[in-house]
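Just so it is clear: chains get the letters A, B, ... in the order the sequence lines come, proteins before strands, and each one is counted from 1.
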Number of protein chains: 2
Amino acid sequence: MALRYAIMTALLEDELSGYDLARSFDISLGFFWQASHQQIYRELRNLSDRTWVSHRAEQQKGRPERHLYSLTPKGRAALDEWVLENDRMRLQETKDEFYIKLYNLSPDSIDYLADRLAARRSAMMERLYLYERIRRRHYDNPSKLPLRRKGVYLALLGGIMQGKQYLAWCDEALAMLASAAEELPGSSSDADTA
Amino acid sequence: MALRYAIMTALLEDELSGYDLARSFDISLGFFWQASHQQIYRELRNLSDRTWVSHRAEQQKGRPERHLYSLTPKGRAALDEWVLENDRMRLQETKDEFYIKLYNLSPDSIDYLADRLAARRSAMMERLYLYERIRRRHYDNPSKLPLRRKGVYLALLGGIMQGKQYLAWCDEALAMLASAAEELPGSSSDADTA
DNA sequence: AAATGATATGCAAAATGTTGCATATAGAAA
DNA sequence: TTTCTATATGCAACATTTTGCATATCATTT
């Protein structure tokens with residue numbers, strides 16, 4: 001269900017195409033909800049059928065038409081209702097295979113896992129840069145924002161805080177993995193004892 | 001795919017029933033991977049078909065039989081292989097509807113959202129107590145743990161750090177929502193001006 | 001005595017999400 | 001000139017997850 005409302009939320013202020021929506025899921029919305037373009041196009045058709053969104057075609061030279069979607073009053077009402085609906089409260093459902101792999105830490109896997117963890121660390125770092133940039137540019141003085149933008153800011157803040165915490169965890173984990181690898185019998189990286 | 005390996009990981013040290021597995025997903029494993037009992041039973045059948053787990057029935061008076069599952073050498077090998085497999089690196093996929101609802105912050109929704117946020121805060125607090133208890137009891141001196149337990153510890157630490165960060169975010173968000181609600185025209189909670 | 005909650009397992013349908021493919025053009029880079 | 005990237009949309013098959021139901025017993029609570 002939530003994808004449907006995420007799309008409508010993205011349409012609150014702008015008229016967007018499926019492609020635009022996919023982009024916007026890549027950036028701002030995508031921190032809390034991910035969706036592929038296939039899912040988005042399918043859901044847009046669904047929303048059109050319900051008349052919760054309307055669309056108009058925009059001709060373009062050469063390229064396929066752009067279908068621009070916007071929220072109808074009916075869709076807007078459905079969104080407003082959903083916001084106030086019973087909250088299922090799934091507490092921070094972090095579904096990440098990596099933790100399962102960590103449960104399987106062994107001499108065979110330690111180097112691989114440390115490597116993958118380092119990759120995650122730098123990917124998160126990059127994402128954080130993006131979010132901090134957005135924060136500085138658009139949310140510099142949060143207390144002065146209009147109400148709805150305050151909500152968006154809080155979501156962004158959630159992403160930023162979570163990202164920073166993740167970096168801190170990566171650092172602790174990498175340090176622990178490094179020292180554990182050193183203590184391993186037959187560790188081939190004892191170059192300093194030569 | 002990951003559920004399959006999560007189950008096998010849970011079976012690494014103990015022989016467990018479907019019910020036990022569902023319990024263990026509720027607690028330790030469930031911080032990073034959630035699964036309902038229906039999913040677990042289905043996956044256990046699947047794993048049996050592949051002969052990656054074996055099972056034996058345990059009679060009980062009155063109650064239905066308990067089917068106890070354990071990892072076969074073949075399953076163990078498949079798990080080991082999976083751990084070293086190409087990592088898809090889905091960076092912390094936080095799928096939480098609540099953030100979408102926050103994007104829809106309005107005078108109509110602010111009280112409801114503040115209430116739901118407070119509920120999340122206390123649920124997370126409770127979960128944190130549980131994890132801190134486990135940490136103190138079983139992972140008091142992480143550097144002395146055997147290698148595999150270090151991995152489990154790191155996952156637990158990830159959960160704890162994430163939980164603490166979430167609490168901090170909740171506090172910031174609640175404060176902001178409270179001050180925004182006060183500034184609302186027609187705020188009926190101006191009891192102090194009577 | 002009846003209701004609830006924990007133990008213990010499972011089917012079926014619906015909703016959601018992923019993966020692979022397919023089409024088409026413009027502009028930039030190699 | 002070919003290849004790559006971005007724009008722009010979509011189908012079909014498959015995998016996964018969720019929701020609702022169903023069964024059965026024991027122990028505790030109302």
Side-chain angles (χ1 to χ4, degrees), chain A residues 1-7 15-27 29-30 32-50 53 55-69 82 85-90 93-97 100, chain B residues 1-7 15-27 29-30 32-50 53 55-69 82 85-90 93-97 100:
Chain A
M1 286 301 96
L3 173 59
R4 171 177 307 164
Y5 297 101
I7 288 174
E15 186 187 35
L16 298 171
S17 71
Y19 191 84
D20 296 333
L21 281 164
R23 279 325 99 231
S24 107
F25 272 90
D26 280 348
I27 48 167
L29 260 174
F32 334 105
W33 206 271
Q34 302 80 38
S36 61
H37 72 272
Q38 290 93 334
Q39 270 181 283
I40 289 166
Y41 286 118
R42 201 203 304 170
E43 196 60 47
L44 280 173
R45 235 172 300 139
N46 191 307
L47 283 167
S48 283
D49 291 348
R50 295 167 177 266
V53 301
H55 64 284
R56 61 185 188 84
E58 193 186 57
Q59 294 299 330
Q60 297 188 121
K61 10 136 212 155
R63 293 187 190 165
E65 286 183 325
R66 253 165 79 88
H67 299 286
L68 290 165
Y69 292 85
W82 174 75
E85 227 173 44
N86 14 7
D87 176 16
R88 287 184 300 158
M89 192 160 72
R90 299 271 161 92
E93 295 210 338
T94 307
K95 259 195 178 167
D96 191 339
E97 304 189 346
I100 303 174
Chain B
M1 284 301 95
L3 173 59
R4 170 177 308 163
Y5 298 101
I7 288 173
E15 186 186 36
L16 299 171
S17 70
Y19 191 84
D20 295 333
L21 281 163
R23 281 322 100 234
S24 108
F25 272 89
D26 280 348
I27 49 166
L29 260 174
F32 333 106
W33 206 270
Q34 301 80 38
S36 61
H37 72 271
Q38 291 93 335
Q39 271 180 282
I40 289 166
Y41 287 119
R42 197 189 322 148
E43 196 59 49
L44 281 173
R45 237 171 298 136
N46 190 306
L47 283 167
S48 283
D49 292 347
R50 294 167 178 267
V53 300
H55 63 285
R56 61 184 187 85
E58 194 186 55
Q59 294 300 328
Q60 299 188 121
K61 10 131 215 163
R63 294 191 190 162
E65 287 184 323
R66 254 165 80 86
H67 298 287
L68 289 166
Y69 291 85
W82 174 76
E85 226 172 47
N86 13 6
D87 175 17
R88 287 186 299 159
M89 192 162 72
R90 301 270 161 92
E93 296 210 341
T94 307
K95 261 196 177 165
D96 191 339
E97 304 189 345
I100 303 175

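- In this view, B/R42 satisfies the side-chain hydrogen bond (donor to acceptor under 3.5 Å, both in side chains) rule with no residue, not counting sequence neighbours.
- In this structure, B/R45 reaches the C/dC11 phosphate: one of its side-chain N or O atoms is under 4.0 Å from OP1 or OP2.
- Look at A/Y41 and you'll find a side-chain N or O under 4.0 angstrom from OP1 or OP2 of D/dT9.
- Phosphate proximity of C/dT9 to B/S17: present, with a side-chain N or O under 4.0 Å from OP1 or OP2.
- When the C1' atom of C/dT9 is taken as reference, atom CG of B/N46 falls 17 Å away, rounded to whole Å.
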Using the 3.5 Å cut-off, write out each protein N or O paired with an N or O of nucleotides 14-16 of chain D and the distance between them.
unit_1	atom_1	unit_2	atom_2	d
D/dT16	OP1	B/M1	N	2.2

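- Residue B/Q38 places its side chain closer to C/dC11 than to any other of C/dT18, C/dC11, C/dT7.
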Evaluate A/R23 against A/D26 for salt bridge (Lys or Arg N to Asp or Glu O under 4.0 Å), listing each step before the verdict. CA-CA 5 Å; A/R23 279 325 99 231; A/D26 280 348; 2.2 Å; yes

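- Taking the side chain as every heavy atom from C-beta outward, B/R66 and B/D20 approach each other to under 4.5 Å.
- Within the model, atoms CZ of A/F32 and NZ of B/K95 stand 13.5 Å from one another, a figure rounded to the nearest 0.5 Å.
- Contact annotation for A/H67: backbone-only contact, meaning every heavy-atom pair under 4.0 Å involves sugar-phosphate atoms and none involves a base.
- Regarding contacts with the backbone of D/dT9, every side-chain N or O of A/Y19 stays at 4.0 angstrom or more from both OP1 and OP2.
- Straight-line distance from the CG atom of B/L44 to the P atom of C/dC11: 12 Å, rounded to whole Å.
- Remark: A/R50 engages A/N46 in a side-chain hydrogen bond (donor to acceptor under 3.5 Å, both in side chains) (not counting sequence neighbours).
- For the pair A/V53/A/I7, no side-chain contact is recorded, criterion being any heavy-atom separation below 4.5 Å from C-beta on.
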